[in-house]
Chemist: 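The following block contains the structure, expressed as structure tokens.
Lettering of chains follows the sequences in order, A, B, ..., and the numbering in each one begins at 1.
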Amino acid sequence: MPVMAKRGLTPHDEDFSAWYNEVVYEADLVDHSPVRGSFVIRPYGYALWENIQRELDAMFKATGHENLYFPLLIPVEFFEREAQHVEGFSPELAVVTHAGGKELEAPLAIRPTSETIIGELYAKWIQSYRDLPLLYNQWANVMRWELRTRPFLRTTEFLWQEGHTAHATAEEALEETRRMLDVYATFARDFAAIPVVEGEKTEGERFAGALQTLTIEAMMRDGKALQSGTSHYMGENFARAFDITFNDLDNEQAYVHTTSWGFSTRFIGAIIMAHGDDAGLILPPKLAPHQVVITPIAKRNDADGAERVGREAARVADALRAAGVRVKVDAREGMSPGWKFNEWERKGVPLRIELGPKDLEAGTAVVADRLSGEKTSVALDALAGDLPDRLERFHERLMERARSFRDAHIDEAHTYEELVEKVEHGWVYATHCGDPESEAAIQEATKATVRCIPLEGPSAEGTTCVHTGKPSGYPRKVIFAKAY
RNA sequence: CGGGGCGUAGCGCAGUCUGGUAGCGCACCUCGUUCGGGACGAGGGGGUCGGAGGUUCGAAUCCUCCCGCCCCGACCA
């Protein structure tokens with residue numbers, strides 16, 4: 001094998017996971033940390049997360065939620081109070097047993113999620129129906145000791161937000177659960193250009209301690225599914241475990257109904273795998289750290305020319321900023337324009353402006369589109385007016401591309417054989433009886449699981465389970481798919 | 001924890017079989033020429049060869065033990 005310089009990425013249809021890893025590192029999103037399974041999120045990746053945070057946070061505030069912060073350490077004993085919860089999380093708890101140079105009397109878990117400690121405090125804060133609903137959210141890091149990790153998709157420590165609400169009635173809590181799922185779905189579509197499917201998890205896939213788990217599932221470009229956000233209705237489970245009670249209108253003691261909902265840095269993985277191509281990332285404009293990068297082009301030995309180009313680039317950048325565009329001027333010296341073009345393509349910048357002597361002469365700039373690869377000449381004076389529209393259309397095109405890809409990779413199976421065959425290529429609607437053992441058997445045989453019972457989709461009425469032949473366990477056909 | 005592979009410069013690797021001055025590409029630094037799709041020349045810096053022990057005149061290379069990482073299987077936002 002000849003030694004070759006590192007150019008280009010592994011094609012995504014040749015080896016998708018190699019492609020994913022290369023994109024993540026080549027775009028400077030993450031780096032390895034010295035501790036296995038945890039990753040450093042580098043500035044470009046973190047800027048993406050900050051944009052996600054900002055938009056989601058605004059949506060939470062708009063739906064009446066307030067932010068607060070709970071501590072990282074939780075007494076291990078708290079997890080034991082809710083039977084399902086402890087069973088679900090014990091295997092992945094990291095526990096602090098020593099501190100201050102000696103063994104702790106009671107070990108402390110590093111939070112994998114905060115239902116328990118929040119429940120403990122909610123019990124104290126909630127006395128009356130007047131205290132309800134309690135609508136809180138926190139942005140935090142959590143830790144789950146995973147065996148196999150991948151950047152963003154599964155890391156031992158990750159960043160997320162977890163909303164925790166308490167309500168007087170089941171109806172209200174269920175409404176909240178659904179409302180926040182819709183917030184996630186809307187965010188995914190309107191900001192990330194990812195056409196997610198909303199649905200409910202089957203019993204086996206439900207959050208530990210929840211009565212209902214709702215999910216948004218996104219399709220990756222290898223046809224697999226990625227659970228991209230979840231919203232849970234806990235019923236009275238945590239209220240009973242932590243004694244969260246209130247006096248209702250009739251002065252009767254009642255347990256609150258709680259919900260929780262979470263959205264994590266995993267979603268960055270969804271963006272990468274839903275939109276990226278063989279040249280690297282393609283970022284949705286509304287979340288991209290730089291929506292537009294201007295590359296000035298000039299001969300170095302022509303100081304005057306360089307200065308003119310530089311001045312014009314700065315002027316254009318100012319005009320774009322005034323028009324609300326996130327723009328960066330790449331004025332680095334010692335790199336050829338071609339090098340910069342490739343770099344910003346790899347990093348998924350939606351639109352690139354090339355500005356050189358020829359353009360100045362013509363009073364134009366070249367606008368290059370990351371999605372289509374097309375270059376268009378645009379009058380300098382028209383840029384500030386034109387680019388916001390272009391970014392908007394970029395978003396629409398990205399969404400449309402993702403939607404048609406998804407639709408082309410969803411099929412329906414009427415027999416088990418069909419399911420086995422079709423689930424190799426994408427998502428498959430099929431009738432399922434709901435029996436967890438059957439679900440496990442199908443997973444064993446195909447690696448595919450029930451991703452969700454979609455809130456909208458083909459009715460299962462009058463059909464029978466493709467696996468057991470029993471009547472459908474759900475009103476609609478479920479979606480089977482391999483998942484991350 | 002089972003099966004497979006790998007640890008040599010920041011990254012990617014050769015050298016190990018057959019012991020004899022530690023190399024190559026990229027990246028980095030300096031200078032010059034370049035600049036509209038990954039520029040070129042010249043010069044330069046950078047290494048406890050994963051660790052410990054052993055064999056030997058001499059170990060990246062042979063032997064023993066240890067450590068770490070990656071891939072494949074059982075858990076997961």
Chemist: Considering only the C1' atoms, how many Å lie between rU16(B) and rA22(B), rounded to the nearest integer?
Modeler: 13 Å
Chemist: Just to be sure I understand the rule, does R332(A) reach a base, reach only the sugar-phosphate, or reach nothing, if contact means heavy atoms closer than 4.0 Å?
Modeler: nothing
Chemist: Rounded to whole angstrom units, what separation is found between the CG atom of N342(A) and the C1' atom of rA27(B)?
Modeler: 16 Å
Chemist: Rounded to the nearest Å, what distance is computed from the CE atom of residue M335(A) to the P atom of nucleotide rG36(B)?
Modeler: 15 Å
Chemist: Would you measure the distance from the P atom in rG25(B) across to the matching atom in rA14(B) and give it in whole Å?
Modeler: 16 Å
Chemist: Output one line per pair: protein atom, nucleotide atom from nucleotides 74-77 of chain B, and distance, for all N/O pairs under 3.5 Å.
Modeler:
{"from": "rC75(B)", "atom 1": "O2", "to": "E146(A)", "atom 2": "OE1", "distance (Å)": "3.4"}
{"from": "rC76(B)", "atom 1": "O2'", "to": "E146(A)", "atom 2": "OE2", "distance (Å)": "3.2"}
{"from": "rC76(B)", "atom 1": "O2", "to": "R154(A)", "atom 2": "NE", "distance (Å)": "2.1"}
{"from": "rC76(B)", "atom 1": "O2", "to": "R154(A)", "atom 2": "NH2", "distance (Å)": "3.1"}
{"from": "rC76(B)", "atom 1": "N3", "to": "R154(A)", "atom 2": "NE", "distance (Å)": "3.1"}
{"from": "rC76(B)", "atom 1": "N3", "to": "R154(A)", "atom 2": "NH2", "distance (Å)": "2.7"}
{"from": "rA77(B)", "atom 1": "O4'", "to": "R144(A)", "atom 2": "NH1", "distance (Å)": "3.4"}
{"from": "rA77(B)", "atom 1": "O3'", "to": "Q227(A)", "atom 2": "NE2", "distance (Å)": "2.6"}
{"from": "rA77(B)", "atom 1": "O2'", "to": "R266(A)", "atom 2": "NH1", "distance (Å)": "3.1"}
{"from": "rA77(B)", "atom 1": "N6", "to": "T155(A)", "atom 2": "N", "distance (Å)": "2.9"}
{"from": "rA77(B)", "atom 1": "N6", "to": "T155(A)", "atom 2": "O", "distance (Å)": "2.8"}
{"from": "rA77(B)", "atom 1": "N3", "to": "S264(A)", "atom 2": "OG", "distance (Å)": "3.0"}

Chemist: So what's rA77(B) paired with, Watson-Crick or G-U wobble, going by both distances under 3.5 Å?
Modeler: none
Chemist: What integer distance in Å separates E22(A):CD from rG12(B):P?
Modeler: 12 Å
Chemist: Work out how far the C1' atom of rU61(B) is from that of rG50(B), and round it to whole angstrom.
Modeler: 16 Å
Chemist: Suppose you measure atom C1' in rC29(B) against the same atom in rG20(B); what distance do you get, rounded to whole Å?
Modeler: 34 Å
Chemist: Does the side chain of R179(A) come under 3.5 Å of the side chain of T177(A) through a donor N or O and an acceptor N or O?
Modeler: no
Chemist: Using atom P in both nucleotides, what's the gap between rU48(B) and rG10(B) to the nearest angstrom?
Modeler: 8 Å
Chemist: What is the distance from CZ of F39(A) to P of rC69(B), rounded to the nearest Å?
Modeler: 12 Å
Chemist: Could you check how far CH2 of W339(A) sits from P of rC40(B), rounded to whole Å?
Modeler: 11 Å
Chemist: Does rC49(B) have a Watson-Crick or wobble mate here (both distances under 3.5 Å), and if so which one?
Modeler: none
Chemist: Check each residue of residues 365-381 of chain A for a non-hydrogen atom within less than 4.0 Å of any atom in RNA chain B, then write out the ones that pass by number, or none.
Modeler: V366(A), K375(A)
Chemist: Please give, in whole Å, the distance from rA27(B) C1' to Y25(A) OH?
Modeler: 19 Å
Chemist: Taking atom C1' of rG37(B) as reference, at what distance in whole Å does atom CZ of F341(A) sit?
Modeler: 6 Å
Chemist: Roughly how many Å apart are rC11(B) and rA27(B), using the C1' atom of each and rounding to a whole number?
Modeler: 7 Å
Chemist: What nucleic acid atoms does P357(A) come within less than 4.0 Å of, heavy atoms only: base, sugar-phosphate, or nothing?
Modeler: base
Chemist: Tell me whether the rings of F39(A) and H32(A) are parallel (<30°), tilted (30 to 60°) or perpendicular (>60°).
Modeler: tilted
Chemist: Return each pair, listed once, that meets ring-ring contact (aromatic ring centres under 6.0 Å, His included) where at least one residue sits in residues 202-231 of chain A; pairs must be two or more places apart or across chains.
Modeler: H85(A)-F207(A), F89(A)-F207(A), F207(A)-H232(A)
Chemist: Please verify the inter-ring angle class for H12(A) with F16(A); under 30° counts as parallel, over 60° as perpendicular, anything in between as tilted.
Modeler: perpendicular
Chemist: Using the C1' atom as the point on both nucleotides, what is the distance between rC67(B) and rC75(B), in whole Å?
Modeler: 26 Å
Chemist: CD1/I118(A) to NE2/H164(A) distance, rounded to the nearest 0.5 angstrom?
Modeler: 3.5 Å
Chemist: Would you mind writing out the side-chain donor-acceptor pairs for residues 287-294 of chain A within the sub-3.5 Å range, not counting sequence neighbours?
Modeler:
{"from": "Q291(A)", "atom 1": "OE1", "to": "R326(A)", "atom 2": "N", "distance (Å)": "2.7"}
{"from": "Q291(A)", "atom 1": "NE2", "to": "P285(A)", "atom 2": "O", "distance (Å)": "2.9"}

Chemist: Which residues pass the side chain to side chain donor-acceptor pair (under 3.5 Å) test with T10(A), not counting sequence neighbours?
Modeler: E22(A)
Chemist: Can you tell me the pairing partner of rC26(B) across any strand shown, Watson-Crick or G-U wobble, with both distances under 3.5 angstrom?
Modeler: rG10(B)
Chemist: Only pairs at least two apart or in different chains count here, so list each ring-ring contact (aromatic ring centres under 6.0 Å, His included) that has a residue in residues 347-375 of chain A.
Modeler: none
Chemist: In whole Å, what is the span from the CZ atom of R346(A) to the P atom of rG37(B)?
Modeler: 17 Å
Chemist: Applying side-chain hydrogen bond (donor to acceptor under 3.5 Å, both in side chains) between D222(A) and each of W19(A), Y484(A), Y20(A), report the one that passes.
Modeler: Y484(A)
Chemist: Side-chain donor-acceptor pair under 3.5 Å between Y233(A) and H257(A), yes or no?
Modeler: yes
Chemist: Between rC57(B) and rG15(B), how many Å separate the two C1' atoms, rounded to a whole number?
Modeler: 23 Å
Chemist: With hydrogens left out and only the distance checked, is there a donor-acceptor pair under 3.5 Å joining E343(A)'s side chain and the base of rG38(B)?
Modeler: no
Chemist: Looking at E203(A), I want to see if its CD is surrounded by more than 12 non-hydrogen atoms of other residues, nucleotides or ligands under 6.0 Å.
Modeler: no
Chemist: Mind checking who rC69(B) pairs with, Watson-Crick or G-U wobble, both distances under 3.5 Å?
Modeler: rG5(B)
